[in-house]
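Sequence lines set the chain letters: A, B, ... in the order given, protein chains first and strands last, and positions in each chain run from 1.
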Number of protein chains: 2
Amino acid sequence: MATIQDVAKLAGLSRTTVSRVINEHPYVTEEKKRLVSNAMQELNYVPNSSARRLRRQQTETIAVYVPRITNPFFSHLVEVMEKEAAKKGYQLILCQTRYKKEQERNFLELLKTKQVDGLILTSIENDWSEIEPYLAYGPIVVCNEYSDSAQVPLVFLDQIEGGYIGTKHLIEQGYTKLGYCTGDHKSSRVAHDRRVGFLKALNEAGLQMKDEWYFGGAYSVQDGKRTFENLKKLSDRPQALFTGSDEVAAGIVKAASDAGWKVPEHLAVIGFDNQPLAELMELTTVEQPIETIARQAMELMIESIKSKRTPVRKEVILPLNLIQRSST
Amino acid sequence: MATIQDVAKLAGLSRTTVSRVINEHPYVTEEKKRLVSNAMQELNYVPNSSARRLRRQQTETIAVYVPRITNPFFSHLVEVMEKEAAKKGYQLILCQTRYKKEQERNFLELLKTKQVDGLILTSIENDWSEIEPYLAYGPIVVCNEYSDSAQVPLVFLDQIEGGYIGTKHLIEQGYTKLGYCTGDHKSSRVAHDRRVGFLKALNEAGLQMKDEWYFGGAYSVQDGKRTFENLKKLSDRPQALFTGSDEVAAGIVKAASDAGWKVPEHLAVIGFDNQPLAELMELTTVEQPIETIARQAMELMIESIKSKRTPVRKEVILPLNLIQRSST
DNA sequence: CGAAATCATGAAATCGTTTTCATATTCAGA
DNA sequence: TCTGAATATGAAAACGATTTCATGATTTCG
């Protein structure tokens with residue numbers, strides 16, 4: 001593999017001149033430019049990435065943390081982020097935290113060792129106070145999740161509103177016995193806010209939430225099915241279920257259907273995200289503008305990297321949208 | 001940010017000794033080790049990734065090329081690959097080619113500029129003759145796709161068998177008028193082999209394939225719906241459709257159902273992959289052992305990186321499995 | 001007892017690129 | 001005509017880590 005030294009030798013010039021040509025610096029004659037270009041071509045030379053990174057103190061790489069890439073919500077986020085990153089000449093390192101604090105901490109080392117220029121968190125496992133010190137090593141942008149104390153750009157959705165409009169819809173459809181289904185998110189502000197919105201809508205309607213109508217640990221289609229089995233066992237069952245994901249909602253609808261129940265007659269179900277699955281399964285769902293938040297997060301990330309300024313808190317909050325279908 | 005020089009100064013030792021301690025080389029007294037560790041801790045020192053990469057000629061990063069991460073087949077592959085890579089201390093760079101030759105070539109530069117140690121191709125857009133020269137820069141492993149001429153490890157599935165067993169199943173269910181639905185893959189061996197298997201099964205049964213029963217350009221749920229609309233317009237319609245993806249199959253089933261057709265009475269549909277969607281939509285499907293091929297591909301990649309040997313052709317071919325549900 | 005091997009530590013070189021500083025020449029304006 | 005700015009090119013330093021080579025001390029074995 002040729003180095004800049006080889007190119008200089010073949011061109012009969014110094015490495016400095018070759019570097020000037022490569023980087024399009026001024027004050028190089030056209031003749032010298034020609035000599036360098038010919039030598040580069042003949043030697044099939046490309047600059048070494050590691051050397052460049054060391055000298056320029058830049059990696060042109062961004063790490064994106066998602067819990068699991070198989071979750072369509074996160075794969076959609078990453079799809080748009082990678083596209084935006086590639087447009088600007090950045091690579092995207094995929095980091096799956098699997099909802100684990102330790103895994104998240106391990107990946108934070110990427111910033112500390114300067115393996116990436118910045119990182120985007122789409123879910124947050126550790127307390128912000130554990131993450132904040134890493135800002136000394138590079139910029140962090142939070143997307144989808146939220147933190148009151150984070151002095152960084154945050155692009156997120158009004159999840160209180162999301163929880164609220166979804167629940168209000170159920171109430172407007174005539175349901176008075178509403179169950180709540182979610183993952184086990186201890187540090188997730190998304191989950192917290194949705195529940196706040198859910199309870200707010202219930203309170204406004206003078207409705208009560210029973211403890212046994214709360215179903216946790218639901219992330220996937222399989223979890224949705226398990227949730228239905230648990231609901232089925234209740235003597236006093238909810239008429240409708242608010243869920244945090246189309247996949248979970250789909251699992252519930254499928255299991256209910258398999259058990260001979262009619263949706264929404266026997267059980268109304270509302271999902272989140274408006275994935276292709278939602279349309280296929282005729283799910284009422286709260287749509288999130290995934291493409292918008294992904295693009296904005298990546299733009300803010302690249303802007304933070306380039307500006308090299310002290311990060312400041314900046315909130316970009318977007319509304320949610322209810323899509324009504326047959327499941328409610 | 002502290003450097004090894006700072007640590008050496010604080011410890012009262014040379015950079016060589018500090019490096020020896022960091023890398024656990026022999027012949028350093030316990031006393032000196034203690035001094036270095038204390039200094040590292042006090043300065044909050046971690047080694048700089050760019051400097052290490054340059055000196056060691058290693059990046060500990062692998063690029064994985066997928067057409068689109070939102071396709072559940074590819075997101076599942078990447079999910080497993082990232083997990084395996086992280087276990088061995090490697091980072092995974094996600095590259096979306098979007099089925100474009102130029103995009104694939106752009107990403108191949110990652111290998112040439114030594115930004116990654118190796119790359120895994122899960123789909124191939126360019127001719128292998130265009131890709132092969134990049135082997136000079138680092139190892140390449142092909143996963144899911146196939147190429148006769150590639151002198152690299154390939155982990156793939158018997159797609160001729162997949163096309164065959166799916167089609168044979170339709171025939172065994174009594175269908176004699178079979179349509180074929182696929183994406184527009186010009187250089188995809190997967191698509192080619194499935195069709196070979198499909199035609200083989202037809203031929204064995206003495207059945208004919210009509211040109212107007214061939215539906216192209218289908219990758220997504222939406223494409224599935226469009227495919228159904230096209231099929232509906234035919235005067236002589238197929239009784240069953242072989243598709244290349246559960247999402248396409250689901251779109252077809254959904255559109256058919258919305259049009260009042262009964263599946264499989266009016267139209268039988270078979271999908272591929274056995275995604276959660278397949279169970280939800282009761283699709284008969286050809287299941288692919290995604291986790292196995294993903295894990296094996298990543299293991300072969302890391303083995304290739306570590307061995308630094310000339311790549312040799314190695315085929316790992318796995319069988320497919322038919323899952324029968326209500327759509328056929 | 002002496003030579004060879006092992007132990008312990010550090011200076012210099014290395015990896016490959018880019019920038020800084022230096023030197024020489026040419027040009028433009030006062 | 002002279003001076004300062006612009007132009008053109010190259011050597012050395014820098015980025016930060018790791019390895020190679022060197023030196024001296026200690027231990028081991030024939």
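Shown are B:F73, B:Y99, B:F74; of these, the ring pair (Phe, Tyr, Trp, His ring centres under 6.0 Å) with B:Y219 is made only by B:Y99.
Side chains of B:L110 and B:L119 form no contact here, defined as non-hydrogen atoms less than 4.5 Å apart.
Of the charged side-chain nitrogens involved, at least one lies within less than 4.0 Å of a carboxylate oxygen, so that B:R295 and B:E291 count as a salt-bridged pair. Ion pairing of A:E102 with A:R105 is absent here, as no side-chain N (NZ or NE/NH1/NH2) approaches a carboxylate O to less than 4.0 Å.
Taking atom CD of residue A:E30 and atom C1' of nucleotide D:dA8, one finds them 13 Å apart after rounding to whole Å. D:dA17 atom C1' lies 13 Å from atom CD of B:Q58, rounded to whole Å. The nearest whole Å value for the distance from the NZ atom in B:K32 to the C1' atom in C:dC7 is 12 Å. The interatomic distance linking A:Y27 (OH) with C:dT26 (P) rounds to 17 Å, in whole Å.
Counting only N and O atoms by type, the side chains of B:T17 and B:S14 include a donor and acceptor under 3.5 Å apart. Donor-acceptor pairing under 3.5 Å is recorded for the side chains of B:D117 and B:T59. A donor-acceptor pair shorter than 3.5 Å cannot be found between the side chains of B:N106 and B:K100. Under the 3.5 Å distance criterion, with hydrogens and angles disregarded, a donor-acceptor pair is assigned to the side chains of A:T61 and A:R53.
For the helix from C:dC1-D:dG30 to C:dA30-D:dT1, the rotation axes defined at the first and last 5 base pairs enclose an angle of 40°, given to the nearest 10°.
Residue A:S14 places none of its side-chain N or O atoms closer than 4.0 Å to OP1 or OP2 of D:dT9.
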* Nucleotide by nucleotide, 5' to 3', does protein get under 4.0 Å of the base (B), only the sugar-phosphate (S), or neither (-) in nucleotides 14-20 of chain C, counting heavy atoms? -> BBBBBBB

